[in-house]
Amino acid sequence: MLPDPPKYQAWRNQMVKHLKERGITDSRLLAAMQKLPRQWFCPETLLDNFLYDIDCAIHIDCGQTISKPYTVAWQTQLLQLKPMMSVLEVGTGSGYQTAVLCEMGARVYTVERQSVLFRKTKALLATLGYHARCFLGDCFNGLPEMKGFQYDRILVTCGAPNLPEGLMQMLKTGGLMVIPIGDGDNQKMYRIYKHGDTPAEWESEMLGDAWFVPMLEGKNFK
Ligand code: SAH
């Protein structure tokens, strides 16, 4: 087990208080974020002061970021998770969001296109005892390793240029996807409900502004 000094526990109390003030009410989510040490997922050189600032994203490897605590909480609450649901996360990154989903009792499948992050985070999650299945890929044409499988929920943690139809096919009918769509300053958070197989049966709800690194095609084997 990695260290979790009392000062970090105290900061997490503050973080959870601020999340509640900003409208996060899902008690299992708040309990998961209270419990999980975010410092395990951040670079060691990180400035301690920003670790639990709910509005502060932090740079990790490969020019990517660990989403700010508020964004992790907001996206996760939008998922309306129930225990044992299957969740596909697109953009493993640091693994923090993945671990939050595991703490909430979801069966988590997570995909990352940067091989450096994929390897590092897969190893970290295993060390911490999380049973998320990690894949290297981009999801634009599905996940070859999981061909035919459909998920209760899909959570996209990078900004998609538009709604990827391939991803919608990986969602169960009756399921929902939370996804930021758009680029630069014009990115919005959407929740998409899948009522049936055809695009005419997909209902979208726009929930506000979002700022995510872009969802890119292809694996990066550097
Ligand atoms: N959930 C992460 C957020 C990481 S930032 C966390 O908690 O830390 C978004 C991540 O999405 C980056 O690591 C980026 O490399 C990855 N990404 C971008 N496009 C992708 C794609 N098409 N498939 C999988 N991962 C992608």
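Counting starts at 1 for both ligands and their atoms, following the listed order. Only heavy atoms go into these numbers, but all of them, side chains included; no hydrogens, no water, no symmetry mates.
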Test your reading of the model: is there a side-chain donor-acceptor pair from [X] to the backbone of [Y], 3.5 Å cut-off?
X	Y	value
Asp138	Glu217	no
Gln187	Pro180	no
Gln150	Gln169	yes
Ser67	Val72	no
Thr121	Gly93	yes

Nearest heavy atom to atom 25 (N) of ligand 1 wins, so pick from Arg113, Gln97, Lys68, Arg38.
Arg113
Relative to atom 5 (S) of ligand 1, which among Thr65, Ile66, Ile60 owns the nearest non-hydrogen atom?
Thr65
Under 30°, 30 to 60°, or over 60°: which ring-plane class applies to Phe149 and Tyr151, parallel, tilted or perpendicular?
perpendicular
Would you mind listing which atoms of ligand 1 come within a distance below 4.0 Å of any non-hydrogen atom of [X]?
X	answer
Leu117	13 (O)
Asp138	21 (C), 22 (N), 23 (N)
Ser94	6 (C), 7 (O), 8 (O)
Cys158	11 (O), 17 (N), 18 (C), 19 (N), 20 (C), 26 (C)
Val213	5 (S), 9 (C)
Gly137	23 (N), 24 (C)
Val90	23 (N), 24 (C)
Pro214	18 (C), 19 (N)

Could you name each residue pair satisfying ring pair (Phe, Tyr, Trp, His ring centres under 6.0 Å) that touches residues 13-37, not counting sequence neighbours?
none
Of the side chain and backbone of [X], name the one, both, or neither that has a heavy atom under 4.0 Å from an atom of ligand 1.
X	result
Cys139	neither
Thr98	neither
Gln64	side chain

Hey, mind stepping through Lys188 and Asp209 against salt bridge (charged side-chain N to carboxylate O under 4.0 Å, His left out) and telling me if it holds?
CA-CA 4 Å; Lys188 306 280 180 203; Asp209 293 331; 2.5 Å; yes
Sub-3.5 Å N/O-N/O distance, [X] and ligand 1:
X	result
Glu217	no
Gly91	yes
Glu89	yes
Leu216	yes
Gln114	no

Straight-line distance of Ser115 OG to Lys120 NZ, nearest 0.5 Å:
12.5 Å
Please list the nearest protein heavy atom to atom 13 (O) of ligand 1 with its residue and the distance rounded to 0.1 Å.
Glu112 OE1, 2.7 Å
To which protein heavy atom is atom 9 (C) of ligand 1 closest, and what is the distance rounded to 0.1 Å?
Thr157 O, 3.3 Å
Between Lys194 and Glu201 (salt bridge meaning N to carboxylate O under 4.0 Å), is one present in this structure?
no
More than 12 heavy atoms of other groups within 6.0 Å of His59 NE2:
no
Residue pair Arg12, Asp4: steps toward the salt bridge (charged side-chain N to carboxylate O under 4.0 Å, His left out) verdict
CA-CA 11 Å; Arg12 286 204 296 283; Asp4 185 26; 2.8 Å; yes
Consider ligand 1: state whether an atom of it lies below 4.0 angstrom from any non-hydrogen atom of [X].
X	result
Phe140	yes
Val72	no
Cys62	no

Whether Arg113 engages the ring of Phe118 as a cation-pi pair (distance to the six-membered ring centre under 6.0 angstrom, angle to the ring normal within 45°) should be assessed.
no
With Thr110, which of Gln97, Lys122, Arg133, Glu89 fulfils side chain to side chain donor-acceptor pair (under 3.5 Å)?
Glu89
